[in-house]
2 protein chains.
Amino acid sequence: MSNRSQRLIELMMTVNRKRKFTVKELAEEFNVSRRTILRDLQELSGLGVPLYSEVGPHGGYQVLKERILPPIAFTEEEAVSIFFASHALRHFSSLPFETEISAALKKFYFYMPGDVRDRIDQMKNRFDFISPTRQAKSSYLSLLLEAAVHQKVVHIDYESKSELTSRKIQPIGIYASVGLWYCPSYCFTRDDFRLFRCDKIHSAKLDESVKPIDLTHIHLGNRQAIKEEKHKKADFFVELSREGVQRCESDLSRRFIVNVREDGTGWIEDQIKLSNIPFFAKYFIGLGEDAWVERPPELIENMKQRLAKLLEKYKNNFV
Amino acid sequence: MSNRSQRLIELMMTVNRKRKFTVKELAEEFNVSRRTILRDLQELSGLGVPLYSEVGPHGGYQVLKERILPPIAFTEEEAVSIFFASHALRHFSSLPFETEISAALKKFYFYMPGDVRDRIDQMKNRFDFISPTRQAKSSYLSLLLEAAVHQKVVHIDYESKSELTSRKIQPIGIYASVGLWYCPSYCFTRDDFRLFRCDKIHSAKLDESVKPIDLTHIHLGNRQAIKEEKHKKADFFVELSREGVQRCESDLSRRFIVNVREDGTGWIEDQIKLSNIPFFAKYFIGLGEDAWVERPPELIENMKQRLAKLLEKYKNNFV
DNA sequence: TTAATAGTGACATGATTTGTCACTATTATA
DNA sequence: TATAATAGTGACAAATCATGTCACTATTAA
């Protein structure tokens with residue numbers, strides 16, 4: 001390959017990687033003159049790379065969104081395979097990426113010689129993924145996926161048991177199973193993980209007002225384990241004032257034995273499911289200073305978060 | 001784009017299309033000298049196009065299998081989409097094309113800038129197609145698909161109701177549904193269309209000895225319609241000798257009324273399902289000259305085919 | 001033997017790419 | 001307001017690359 005084509009391809013990869021750069025910088029990196037880089041960038045621009053430049057100090061070039069990759073040569077078999085894999089997905093209704101995939105497939109098709117096109121047309125009718133008849137339109141898949149990837153909170157209207165509720169959720173991911181799309185998420189309304197059916201989501205938009213929680217380490221691959229984790233039990237100990245003992249005896253006597261001392265104070269020592277932490281956190285916060293949770297640390301952490309959140313809210317309201 | 005790169009790409013498409021060509025031919029087509037084309041072909045070869053040449057009259061160039069397409073530039077979004085669509089299919093066990101897809105995805109990944117790779121790595125765990133747990137290894141998918149596309153007969157060992165039978169089938173196509181692969185085919189053992197589960201196929205190889213039937217117009221999209229077609233009824237009329245009447249009265253009295261004339265000969269006039277044609281064809285062939293089928297034409301056609309086949313077989317055995 | 005084919009090397013010519021230089025224009029900031 | 005950092009242009013010479021021509025060699029089918 002000629003010196004120039006080679007350089008253009010490398011240049012393309014470099015600008016895609018840097019996103020922001022100056023002509024001088026590239027000239028040094030590629031050991032050519034500024035003039036040459038300028039000419040090359042003009043060429044790339046002509047090839048469709050979305051370049052934008054600003055003069056002045058701190059100016060320079062930028063690649064806008066919609067970058068394009070350097071041209072890639074696929075073998076016939078690779079192209080056919082990709083074509084098929086993607087084509088076979090067409091029955092999965094409302095796939096995200098739908099338009100991009102179809103644009104890409106058109107490119108492949110365009111560069112294929114006639115006989116390969118024929119082969120593909122033949123195979124189209126002989127290879128398929130049948131998805132179940134139970135199939136509902138799921139909008140917002142892209143939005144949910146985007147929110148999952150970038151850790152954002154989404155405000156949705158959700159139809160459950162035929163009533164419409166409004167919730168704020170932070171998606172973990174989306175997946176398709178027997179014809180339906182699901183979105184496991186953290187639900188801020190229930191303060192816990194919940195599984196949503198995407199076709200029951202009647203509206204969705206990003207909600208910047210709620211602060212997202214850190215779900216970077218939770219994804220489709222490990223959320224089951226984490227869920228099971230939550231059914232694990234943890235050692236639980238709470239110290240109670242006299243008032244606390246009375247409240248707990250009336251509210252929690254069906255769950256725990258409340259131990260009482262001679263002076264009327266007391267304690268509870270038992271195990272709780274991790275999944276019940278949100279409930280206990282709210283409850284013991286409600287008891288205020290009449291309860292002092294000593295373990296498990298997960299419960300203490302949860303309470304601290306709630307308290308901080310509450311505090312923040314009051315600050316904003318009363319200042 | 002320079003004159004040369006342009007020509008190289010067009011040359012690539014041209015050789016892929018022609019498969020076989022001479023240098024002189026291309027030189028004329030592209031209006032350049034033989035020498036230039038020779039140089040260009042060397043370049044293409046260097047780029048990975050699998051060229052092969054032979055000298056002498058009737059010699060020339062050929063492109064071997066594993067052709068490569070001219071390089072295609074995808075946008076970032078297209079690449080990511082394709083990547084995902086294909087990636088999400090990984091749970092569909094024993095997909096045909098598996099190796100090719102993974103090779104292609106590696107190419108995409110290679111040309112992606114780092115931040116897009118990160119994005120993909122993030123999304124990998126947040127987007128999926130879950131396939132049902134019921135999932136069995138299906139080998140031979142590629143072979144069956146190949147047979148379907150090229151109208152070939154396959155000899156399989158098939159496990160049905162826990163017994164192993166040996167069959168010759170001509171696949172119509174393959175499809176995946178709730179975790180299993182199916183292969184609707186024409187079965188030469190049953191002389192009818194049957195649906196096979198690919199995971200129950202214990203061995204499969206192309207069988208050149210059986211002459212394939214013409215299934216070019218039957219594919220996944222219309223085979224149901226054709227099957228329903230077969231449940232349609234057709235007017236049926238058979239003329240019977242005295243011997244024929246007796247045989248039919250003992251064999252078919254539960255299905256039809258056998259009309260008898262004074263001289264002992266008779267006839268049956270009724271309707272039959274098209275799907276029963278193979279059965280009746282065999283039966284009336286067994287009656288030899290004691291039966292004369294007058295309609296439906298589908299039955300007559302089927303009998304003619306069987307007779308021709310039988311005849312052919314005897315010819316080969318006794319000559 | 002002949003004609004058709006691929007392939008090579010050398011060289012002149014023409015085309016393209018590159019570098020240099022001298023400019024203009026814009027803008028942030030000291 | 002001056003200065004420095006940036007993009008961008010035009011002209012031209014020098015360097016590199018692409019092409020055609022020609023004279024070859026080598027192989028093979030008919």
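No experiment lies behind these values; they were computed from the predicted model shown. Protein chains get the first letters and strands the later ones, always in sequence-line order, with residue 1 at the start of each.
Atoms NZ (B/K24) and C1' (C/dA4) sit 9 Å apart, rounded to a whole Å. Atom CD in B/Q62 sits about 13 Å away from atom C1' in C/dT5, given to the nearest Å. Rounded to whole angstrom, the span from the CG atom of A/N3 across to the C1' atom of C/dA15 amounts to 16 Å. When rounded to the nearest whole Å, the span between CZ of B/R4 and P of C/dT16 equals 13 Å. Look at CZ on A/F30: it is 12 Å from P on C/dT18, rounded to the nearest Å. Rounded to a whole Å, the CD atom of A/Q6 is 13 Å from the P atom of C/dT18. We find that CG of B/L38 is positioned 7 Å from C1' of C/dA6, with the value rounded to whole Å. The distance from atom CG of A/L51 to atom C1' of D/dT6 is 16 Å, rounded to the nearest whole Å.
Between A/F74 and A/F108, the distance from one ring center to the other falls under 6.0 angstrom.
Residue-level contact check: A/E43 touches neither bases nor backbone, having no heavy atom under 4.0 Å from any strand. Contacts of A/E25 with the nucleic acid, taken as non-hydrogen atoms under 4.0 Å apart, are absent.
Results of the side chain to side chain contact (heavy atoms under 4.5 Å, CB included) test with B/Q170 over B/V153, B/I218, B/D214 single out B/V153 as the only residue that passes.
Here A/S53 does not reach the OP1 or OP2 of D/dA7: none of its side-chain N or O atoms lies under 4.0 Å away. For the OP1/OP2 pair of C/dG19 and a distance below 4.0 Å, the side-chain nitrogens and oxygens of A/S33 include at least one atom meeting the criterion. Distances shown here put every side-chain N or O of B/H58 at or beyond 4.0 Å from the OP1 or OP2 atom of C/dA3. One finds a side-chain N or O of B/Q42 lying less than 4.0 angstrom from the OP1 or OP2 phosphate oxygen of C/dT8. Distances shown here put every side-chain N or O of A/T22 at or beyond 4.0 Å from the OP1 or OP2 atom of D/dT6.
Residues A/S33 and A/T36 have side chains that bring a donor and an acceptor to within less than 3.5 angstrom of each other.
Along DNA chain C, the nucleotide closest to B/V23 and the one closest to B/R35 are compared, and the more 5′ of them pairs with B/V23. Nearer to the 5' terminus of DNA chain C, by closest-nucleotide assignment, is the contact made by B/P57 (compared with the other of B/R39 and B/P57). For B/T36 and B/V55, each mapped to the nucleotide of DNA chain D holding its nearest heavy atom, the one lying further toward the 5' end belongs to B/T36.
Residue B/R34 places its side chain closer to C/dA6 than to any other of C/dT17, D/dT19, C/dA6.
Nearest approach of A/N16 to A/P70, heavy atoms of both residues: ND2-CD, 4.3 Å. Summarising the geometry of A/E78 relative to B/E100, their closest heavy-atom pair is CG-O, 3.7 Å, with the distance given to 0.1 Å.
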